[in-house]
Amino acid sequence: MSRKITIPVILLAALALPFMTANTYFHHLMVLWMLFSLLALSLNVIIGYIGELSFGHAAFFGIGAYTAAILGMHFGLAGIPGILLAAIVAGLFGFVIGYVSLRIVGPQFAILTLGFGSIIYTITNYWVDLTRGPMGISNIQPLGLWGGDGIALTSAIGYYYVILGCVVAFAYACHALMSSRTGRAFIATRENAPLAASLGIDVFRMKLLGFVVATAVAGVGGALYAHYLTVVTPDVMSMQYVAALIIMVIVGGRGTISGPIIGALIYVALLEALRALGPLRLVIFAALLTASVIFLPGGIVSLWRRITGADTPHQEGAQ
Amino acid sequence: MLEVSDIVVRYGRREVIHGLSLKVAEGDVVTLVGSNGAGKTTTLKTISGMLKPVSGSISFDGERIDKMDPHEIIAHGVVQIPEGRLLFPDMTVGEHLELGAVRARSGGRSYGERIDWIHEMFPILLERKEQKAGTLSGGQQQMLAIARGLMANPRCLMLDEPSLGLAPIMVDQLEDTIKSLNEAGMTILLVEQRVDLALRLASRGYVLETGSIALEEDAKVLLADPRVKTAYLGI
Amino acid sequence: MDYVVFAQQLTNGLVNGMTYVLIATGLTLVFGVLHIINFAHGEFYMLGAFFTYFAAKLLGLDYISAAVVATLGVAVLGIFANRLFFWPLRKEHEFTVLLSSLGLALLLTNGGELIFGADPKYVPSPFADSVFEVGQLIVTQQRVLIFVVGALVLFGLNLFIRHSRMGKMMRATAQNPEGAALSGVNIRQVYTVTFVLACGLAALAGALVGPTAMIFPTVGSWAVLKGFIVVILGGLGSIPGALIGGLTLGVVESLAGGYISLGFAQAIGYAIIIVVLLWRPQGLFGTARRT
Amino acid sequence: QDKEPVRIGTIAPLSGPGAFDGQLAVEGMEAMVEIVNENGGILDGRMIELVKYDDKGNPEEGVSAAKRAIEQDDVDAIVGGWFSSVALTMKEVTRDRIINVMTSTQHPNTTKEGHKYLFRLNATSVMMSETYAKFICDKMDIETIAFITINDDYGRLEVENYERLLDECGIEVLGNEFYNKDDTDFTTALTKLKALDSDAIYVSAINTAQGATIYRQIKQSGYKGTTIASAGNMNPKLVELSGPALEGVYSVSLFAPDSDSEKLKAWMEQYGEMFSNEPSFIGSLGAQAVELLAGAMDEAGSARDYDKIAEALRGHEWETILGTINFDEIGQAMQNIYLVQVKDGEITSVNE
Amino acid sequence: MSKETILEVSGLTKAFGGLTAVKAVDLTVQRGEILGVIGPNGAGKTTFFNVIAGSLPPTSGSVRFKGNDCTGMRADRMARLGMTRTFQITSLFPALSAIDNVRAATYRHKKTGWAAAILRNRAWQDEEADVDAEAMRALEFVDLGKRAHVNAEALSYGEQRRLEIAIAIAAKPELLLLDEPAAGMNPEEGQRLVSMIKRIRDEGISILLVEHHMRVVMGVCDRVAVIDHGEKIAEGKPLDVVNDPNVVRVYLGREAVHA
Ligand SMILES: Nc1ncnc2c1ncn2[C@@H]1O[C@H](COP(=O)(O)OP(=O)(O)OP(=O)(O)O)[C@@H](O)[C@H]1O
Ligand SMILES: Nc1ncnc2c1ncn2[C@@H]1O[C@H](COP(=O)(O)OP(=O)(O)OP(=O)(O)O)[C@@H](O)[C@H]1O
Ligand SMILES: [Mg+2]
Ligand SMILES: [Mg+2]
């Protein structure tokens, strides 16, 4: 099967998906899937492309959500300008935080992002005048074109298509990145920073670029989330979301485009399917999660590679 | 003493050693010659237990060692000095020597004697006893790697490109060291890109080509063999 | 009067700091030796507290014996955790291992909720409510116990890592596993010992800190985050670093809470860590990573 | 008995930090369901069936759960909204679509911005604090007070209310410390509060584990003044966990376990048969929700005619396990508020 | 060939705490020249490279490259100016295939970025085709054409060393710093390396070479400098240097006979 066939087929399937069922609850799940796909893809830029771990990604998601909520609340900007502003604000935070912390790599970087994330979380909780504190902001307007112009998106299907559009656009951008000189510089930086530098790659700038893009896209995700759920609380910045996103990226397959999307699907679908199990739900989920990690360390996408026989040589047998 | 028979080794699905056999007699110096990627390092790693053969057997002193873990093999007296040194950058020279002895074979020189012997052989290691290995120069690191291996009190020492990165004067010294180790009764399996040097030191040599033995001869004969001359010595 | 309050806050900070230290040491070991970010560490802390509770309740042991039993029990669990969740992944990318530990953490928390019940529990300790009074300073005996045991454990562990043969093997494995294997280090044994020690330390922390608050199956997630911060602040894999890092964090939080704002105390703690890391990326006691 | 059951969706935190509260709530509901079903069910023999959903104490999960209940599982009514943040979010999903009885949430906006099918059982924090403040002023011999408060909407409202109410009656508020919902150590805050040397410390804590820790640590800090427990959070587990630290402490509650109401006794008996936990306030709210829904559906003659059910609920006073209750226009319940005190490890109501 | 100075190092010193690894070294490289640097283990050669290439800041002294003062300039900026180096300890992108390793190295002299890739415009298409062709040529240059799709970590040691050279030349530097390129090669391969280096020079690239294989040094170098204990102790024509008794004593030993 060549790309030329599979990609249009998958796109058509994604477009047709909502018509498979009239059940609006499934539509809701599809929206969540797309939303998480967008977020996981953005985190994948950090984890998969620049090779660092960020524990602060949910904070940027939250910043986007709050920006959209506050703009909507105070200025009636509930449309495209609001989303763009959410991206800009989240990206600006990403720039400042990235600028400060990307000089440091590895676990130390992860903890720096955790620190920044927690500070943002704490401020969100305490700056009641702006954010309404722990109770969050509810009754956020639904998404419109420019906001306040009467066109408002209320159905889950509508959101599904809007977010699907974002996911497709961003996935394509990631694909283009990987087939460009800039993308090669990303990968070189991830694989061996000193060597990359000796080849003329400005390692810091590459990382910063990746980080800002990732945080801005997370901001878009946050804004869409806020409009769709109409509520945002500081909880969206909690470690729970960070962990969920990391799970999606790695279980799906980091550094790939289909991986995070599949990871998001599995996350949403599995938790839903296990709902019937009651208290056992999360135990089974955790067991499946660890089993998948242990048996498919390269993520679900590596299964595909295994089946099709595209072998990656890989040390084995030593003690 | 060391007998490798018909081993097959794979990395993942790729088979890189296809039924290789070799023998090293007690007290001998045997060298393995082959171009880049022929499988020399792979062979040594298999003997030392870092890789497991898919089939075939390896025995040392009549005992099967191919199912053992590296630390057990070391305890039997088979020690590999790895290509690329593999030191512990933040640990001191002294600690390396101590660690070399964690699975030392019993018998032979005592711990203290070995330390003195090594310091005599490489005085710089005594001088830099407290320095961290990561800050040693390339050549100093190579000496430390050999010293660490010797601390295990080996009977059969496998050296993988020991001259790597050594200045000519140090290579001389290495040559002398290997000679004296052998004279002291140590069996040596040597992999060395300086084929001339290796064949000078060895009594027998195996020529390895893409994972199997192409030639097995007396070292002197190989040194004179025109095929070896053109393929490996560049003359 | 102000003086007394300050001294009391400082004492509170030091004791809280020591609880962080206890949690962080096991983490720093696994982190330092095996380069594993073990998200499940907090869950072993949780298990330590719960095992103490059940050992006291079901076996009728006194607090000290229960704590010892719990510590040993969880240390043994460390063997299985390593065998099933970490050892098989030793050659995989660090993020993969991290996810495996995250899975283990979820498994233990949710399994704990199922088995132990979701209701909070209290680990009874005879030292919990009795206090030491020094002048106007008041500290419970339990807190004094935490401090003293913490200091002793740290001291012992540091000696072990620096000078024992196993400690050296652990450090060697940390820096070059392949080189260690070729020097005769039994890597598998190093993995096992590291996890046994780390889990035991986490459990000991749980058993000691348990009686100062209520326990419930999700306490671990709090513990692991604090632990990480301390580990990074002090320097990866450094035991003295964990000590200084933990105490610093405890005192900073307590003074920030006492004199600036309680709600922001944690955030201020984070801010200080950020500043320290920017100044010394390798942490207070860490060695710089060579590239 | 083969009529289709009436299905009530219950959305509660069944995992995560709020899991214990969720468990108590659901147990309370199950005990009441059992009672109703044993008496022949409702609507001429239809049994009640609970469909449980976990919201993890998280608004987004709450939304998903509510959507699933309505759109996928097609339940007849929803009981939920234990945590304010979840309640505030969830009500937007249920808005004008389904009967939604909210339970323990105390946030005024739950009903202020509610909808035509939304009812809330718990008193708002304003109502609670008015009663409680009066008691504190009249009956307690204190002149100064300090607060230790959870930093969430509930806690913030509480301090706001009490600062005003107590000030009006001449009790001076010396200070307040906010703590966070994941804190486990309060010595720093308590050291500060102790230094204020107030006659009383008011502890605002919803979470049982945190509450018990605070009470214990107050005792351990050597504080000698009066401890006052926040309204609506006294429960047997808290008493058990806090040990002697809670002895003699007052609180107000909708639930007085020693009340002589027959209905309450029956429910507590049923609860004791079915579960090992002690019946709690939060459980009694769950039970009351089931009781009210059953009654209103019977009266409306339908499980689906929400206008009629809502009308029935608003229509008159109801006799329930917690005594008489009636709802105002926006669905807010008016209930009895009891003053309770811990005596010999038992929660007893204080009869004036 | 015109006598244009491409690199001028003067008084370069680098100290690590108490240890001065490089002491006031002066050195110049002419355009098109191959200059060898030899010296005993631990003499400070690698440190010298690190300071010139911007991987370490110097303690004192100056580095001028193509007439610009580049003292203490960051490694990536040096690289963009046209100086590329290899590392003594093999340094590759281990998880990437050999060809991807080399592709990454073309970064310096390519222009189109992410935006062009999104638009898939003409410039991008042409450049990608160039990148592939250049990468393949570099691999073939070092005889790794057949191994193009093998991951770098799966190559044998000697192959990895050659891949490093391919990476370095794909960056199209003006000055190439090679740190022991022949390590891990047998004499025959060393001879092939000699011709390879000569061919690189013939493309107009100047080379600074650290090497212990005297046959390689003698085979390619126009001039040789000797460093011992951080100090330059000799400099000149290869034959003159190897006959310097001082050099024989500290460095060559018995090899002097063979050289
Ligand atoms: N980790 C690995 N994964 C997959 N293949 C490998 C791995 N290591 C080595 N190989 C392959 O195995 C073959 C033999 O490699 P080996 O390292 O044994 O060669 P060698 O004879 O030691 O060469 P050199 O002289 O260059 O060191 C080579 O083709 C190499 O590409
Ligand atoms: N980061 C460092 N910290 C302290 N000392 C160092 C550091 N790097 C190198 N050294 C010391 O500086 C001296 C020069 O080292 P360098 O690596 O430059 O030697 P070299 O000439 O390249 O040797 P070789 O031929 O063995 O590679 C050595 O004594 C080494 O121990
Ligand atoms: Mg080799
Ligand atoms: Mg060097």
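Throughout, protein chains are lettered first and strands after them, A, B, ... in sequence-line order, and every chain is numbered starting at 1.
For the atom pair A:Ile7 CD1 and A:His175 NE2, the distance stands at 6.5 Å (nearest 0.5 Å).
For A:Tyr99 and A:Phe204, the ring centers are positioned less than 6.0 Å apart.
Looking at E:Ala53, neither its backbone nor its side chain comes within 4.5 Å of chain A, counting heavy atoms on both sides. For E:Phe87, the part lying under 4.5 angstrom from a heavy atom of chain A is the side chain only. Of the two parts of E:Arg77, neither the backbone nor the side chain holds a non-hydrogen atom closer than 4.5 Å to a non-hydrogen atom of chain A. Contact of E:Trp114 with chain A is made through backbone and side chain together, with heavy-atom distances under 4.5 Å. At a 4.5 Å heavy-atom cutoff, E:Leu177 makes no contact with chain A through either its backbone or its side chain. When heavy atoms are compared at a cutoff of 4.5 Å, E:Ser91 approaches chain A by way of both its backbone and its side chain.
No cation-pi contact links E:Arg137 to E:Phe141, judged by a cut-off of 6.0 Å to the six-membered ring centre and 45° from its axis. Judged by the 6.0 Å and 45° rule, E:Lys45 forms no cation-pi pair with E:Phe49.
When each of E:Arg103, E:Arg85, E:Arg108 is checked for heavy-atom pairs under 4.5 Å with chain A, E:Arg103 comes out on top. In terms of heavy-atom pairs under 4.5 angstrom with chain E, the leader among A:Arg181, A:Met178, A:Arg190 is A:Arg181. Of the listed residues (E:Thr106, E:Leu92, E:Ile167, E:Asp100), the one with the most heavy-atom contacts under 4.5 Å to chain A is E:Leu92. When A:Ala185, A:Ala196, A:Gly183, A:Ala176 are compared by the number of non-hydrogen pairs under 4.5 Å with chain E, A:Ala176 comes out ahead.
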Apply side-chain hydrogen bond (donor to acceptor under 3.5 Å, both in side chains) to the pair E:Asp179 and E:Thr46, showing each step before the final yes or no. CA-CA 7 Å; E:Asp179 198 351; E:Thr46 299; 3.0 Å; yes
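In terms of modelled atom types and a separation under 3.5 Å, the side chain of A:His57 and the main chain of A:Thr113 share no donor-acceptor contact. Looking only at distances, no side-chain donor or acceptor of E:Thr5 sits under 3.5 Å from a matching main-chain atom of E:Leu7.
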